[in-house]
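So that the names make sense, note that chain A is the first sequence line, chain B the second, and so on, each numbered from 1. Note that this is a predicted model, so its numbers are computed, not measured.
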2 protein chains.
Amino acid sequence: MSLPPYGSATFIEPTDPSFTPAKKLKFCKVCGDRAKSYHFGGLSCDSCKAFFRRSVQSAGYKNFQCPYRRTCEITISSRKCCQFCRFQKCVAIGMEKGWVMTEEERLHVLRIRMAKRQEEEEKKIHRRQKIRRENHHADLNEIHKFLTEDDIQCIESIMNSYEVSCLTIAFSSSLCSQHCDRGRTEIIDMFFTVIKQLAHFAQQLRSFAVIPRHDQEILLRSGVMELCFLRSAYVFDE
Amino acid sequence: MSLPPYGSATFIEPTDPSFTPAKKLKFCKVCGDRAKSYHFGGLSCDSCKAFFRRSVQSAGYKNFQCPYRRTCEITISSRKCCQFCRFQKCVAIGMEKGWVMTEEERLHVLRIRMAKRQEEEEKKIHRRQKIRRENHHADLNEIHKFLTEDDIQCIESIMNSYEVSCLTIAFSSSLCSQHCDRGRTEIIDMFFTVIKQLAHFAQQLRSFAVIPRHDQEILLRSGVMELCFLRSAYVFDE
DNA sequence: TTCAGTTCAGAACGTTCA
DNA sequence: TGAACGTTCTGAACTGAA
């Protein structure tokens with residue numbers, strides 16, 4: 001085995017005058033290139049690490065052949081020449097095949113990572129929704145920048161009418177509970193009540209009340225579904 | 001020393017004056033054309049690379065002869081004129097015959113490649129089959145949690161009827177071959193047969209057989225397309 | 001910081017076709 | 001003959017967990 005040019009950094013004695021807090025240079029025990037740390041149990045450079053991992057993962061090392069006498073010297077410049085001897089040396093300096101993850105292990109790690117990412121995504125979305133809701137409140141404070149006093153009064157009057165309608169035409173008591181599993185008839189009941197509320201509300205609006213009865217019916221009939229959706233979105237509580 | 005099979009930027013001399021931080025243009029040492037990388041141990045262009053490989057693979061270089069004095073100057077435009085001197089120069093700049101793959105090596109690589117591909121294909125199929133089998137078994141084992149004995153018997157009776165229908169009304173012999181490129185009439189034939197099978201199958205079900213003929217027809221006509229799709233999904237074999 | 005894995009551009013092999 | 005392409009291998013730069 002060849003020694004690293006400046007001696008193995010691993011065995012620096014405490015009294016070694018060359019020991020400085022600055023840096024301890026380490027070298028790949030396979031090819032002599034600069035090494036940063038241990039890989040698979042042996043001190044090696046990044047390229048020898050990659051070479052070893054790939055060889056094991058693909059099981060390609062089983063097909064390596066030495067064109068000479070299985071004694072090739074491995075250096076930075078010659079390491080590509082003989083895969084067989086390079087791999088042999090990797091094993092010789094302590095790198096172990098067992099430390100390379102199997103396909104299953106890799107998939108396992110991958111799955112865990114994916115799950116984590118998804119969780120974080122969901123958190124992000126939640127945070128955004130929260131911010132949006134807060135901004136909504138802020139917008140209401142700035143409403144005077146965009147609407148006149150008259151506009152606001154009109155809106156408030158309409159909102160008032162709607163509230164009155166909802167109070168006037170109440171839901172049947174069976175629908176007031178928070179029960180989630182409602183039967184079919186109850187759902188239909190609920191829709192009927194909402195539709196009645198909407199009709200009542202429309203009558204409160206002067207511009208609606210003045211048009212002919214027949215036109216009123218057409219308008220209500222064609223818009224009631226959208227209004228139900230709108231109301232659903234409004235009362236939806238995530 | 002032998003040259004690496006793949007990838008080698010290692011042989012750029014550190015003292016090379018042409019080395020600039022901007023770009024390092026490389027030129028073929030044989031003919032002066034632009035070179036991208038080393039080939040067989042020498043920096044050469046693609047055409048000289050191909051020329052060298054062919055000459056070695058066919059052993060044709062042994063028959064090259066120089067019509068002049070074996071001192072021909074090789075340039076981009078003259079490189080075709082004298083194979084002998086071109087090959088001589090290839091060797092002179094470092095290209096080695098030994099690095100061209102022999103027929104055996106090529107076959108060896110080919111075989112490994114084929115084996116790998118096949119192995120992976122098999123793995124894929126295995127994995128898919130395994131997953132399918134697991135899902136299938138799990139469901140079938142838990143079937144008693146969701147169905148009563150009567151339910152299961154009923155299902156089995158229906159399955160039986162279906163099988164009988166399929167056997168009773170057989171496909172025409174021309175459709176039994178595994179040929180993929182079927183004509184239009186054959187496809188139509190196939191659909192007709194399937195529809196007849198479905199009608200026959202429906203007649204086997206008592207609850208269907210007892211309803212009026214006219215209603216039967218309506219039911220069959222409105223459901224036949226979906227049933228065909230369902231059957232297609234069932235018999236589909238990837 | 002250490003040490004797993006991942007990604008990507010590039011090197012250098014062979015093959016095909018005009 | 002040589003351009004263009006398809007393949008595999010290499011190694012630098014990166015992510016991510018402990």
Side-chain angles (χ1 to χ4, degrees), chain A residues 23-24 26 28 30-31 33-58 60-61 63-64 76-83 86-87 95-96 98-117 120, chain B residues 2-12 24 26 28 30-31 33-58 60 76-81 83 86-87 95-96 98-103 105-110 112-114 116-117:
Chain A
K23 259 178 198 173
K24 31 181 180 174
K26 285 177 284 190
C28 175
V30 179
C31 71
D33 203 353
R34 282 289 306 274
K36 279 186 288 187
S37 60
Y38 279 76
H39 298 291
F40 311 108
L43 184 61
S44 75
C45 64
D46 271 353
S47 60
C48 286
K49 158 196 141 185
F51 167 78
F52 186 79
R53 183 177 38 69
R54 269 194 298 259
S55 303
V56 175
Q57 277 178 344
S58 70
Y61 70 93
N63 298 318
F64 289 163
I76 295 183
S77 52
S78 75
R79 62 191 178 194
K80 278 186 227 164
C81 301
C82 180
Q83 294 178 308
R86 189 182 189 180
F87 190 81
M95 297 172 82
E96 291 203 21
W99 292 23
V100 175
M101 283 172 146
T102 66
E103 181 136 5
E104 286 140 41
E105 288 172 312
R106 268 170 42 230
L107 285 177
H108 182 70
V109 169
L110 214 75
R111 249 175 263 136
I112 290 177
R113 234 173 248 182
M114 298 268 282
K116 230 177 213 174
R117 238 176 241 175
E120 264 169 34
Chain B
S2 125
L3 236 217
Y6 300 103
S8 171
T10 338
F11 289 85
I12 293 174
K24 25 183 182 172
K26 286 176 283 189
C28 175
V30 179
C31 70
D33 203 352
R34 283 289 305 275
K36 279 186 290 186
S37 60
Y38 280 76
H39 297 291
F40 311 108
L43 185 60
S44 75
C45 64
D46 271 353
S47 58
C48 287
K49 157 197 140 186
F51 166 78
F52 186 80
R53 183 175 37 69
R54 268 196 298 263
S55 304
V56 174
Q57 275 179 345
S58 70
I76 295 183
S77 50
S78 75
R79 62 192 179 195
K80 276 189 217 174
C81 300
Q83 294 178 309
R86 189 180 189 182
F87 190 81
M95 297 170 82
E96 290 205 19
W99 301 341
V100 175
M101 283 174 140
T102 66
E103 179 122 12
E105 285 173 313
R106 267 173 41 230
L107 285 177
H108 185 243
V109 168
L110 217 73
I112 289 178
R113 222 177 268 176
M114 301 268 282
K116 234 181 211 170
R117 240 175 242 174

Whole-Å distance separating the CD1 atom of I76(A) from the C1' atom of dG11(D): 12 Å
Six-ring centre of F51(A), R79(A) cation under 6.0 angstrom, axis tolerance 45°: no
Phosphate OP1/OP2 of dG5(C): any R113(A) side-chain N/O under 4.0 Å: no
hbond_proxy K49(B) side chain to dG14(C) base (donor-acceptor, 3.5 Å cutoff): yes
Donor-acceptor pair, side chain of Q57(B) and main chain of R54(B), under 3.5 angstrom: no
Validation row: H39(A), C28(A) side chains within 4.5 angstrom (heavy atoms): no
Atom-pair distance (NZ on K116(B); P on dC9(D)), nearest Å: 5 Å
side-chain N/O R106(A) vs dT6(C) OP1/OP2, d < 4.0 Å: yes
K36(A) NZ - dA13(D) P separation (whole Å): 8 Å
Short side-chain N/O contact from H39(B) to OP1 or OP2 of dC13(C), under 4.0 Å: yes
d(CZ, R54(A); C1', dG11(D)) in whole Å: 7 Å
Donor-acceptor contact present, side-chain E105(A) to main-chain T102(A), <3.5 Å: yes
Atom of G41(B), atom of W99(B) and distance for their closest heavy-atom approach: CA-CZ3, 2.8 Å
Below 4.0 Å: OP1/OP2 of dG16(D) and any side-chain N or O of R117(A): yes
S55(B) vs F64(A), nearer the 5' end of DNA chain D by closest nucleotide: S55(B)
Closest to side chain of S47(A), choosing from dG5(C), dA12(C), dG11(D): dG11(D)
Candidates dA4(C), dG2(D), dA13(D) - which lies nearest the side chain of D46(A): dA13(D)
Nearest listed nucleotide, side chain of Q83(A), among dA13(D), dT10(D), dG2(D): dT10(D)
Whether F40(B) and F52(B) hold their rings parallel, tilted or perpendicular, with breakpoints at 30° and 60°: tilted
Nucleotide nearest V100(B) when distance is taken to its side chain, options dG14(C), dA4(C), dG11(D): dG14(C)
d(CD1, I112(B); P, dT7(D)) in whole Å: 17 Å
Phosphate-side-chain proximity, R53(B) and dG14(C), N/O vs OP1/OP2 below 4.0 Å: yes
Side-chain N or O of S37(A) closer than 4.0 Å to phosphate OP1/OP2 of dC3(C): yes
Whole-Å gap separating P (dG14(C)) and CE (M114(B)): 19 Å
R86(A) CZ to dC9(D) C1', straight-line distance once rounded to whole Å: 10 Å
Donor-acceptor pair present, R79(A) side chain and dG11(D) base, under 3.5 Å: no
Nearest-angstrom distance from the residue atom CZ of F52(A) to P of dA4(C): 10 Å
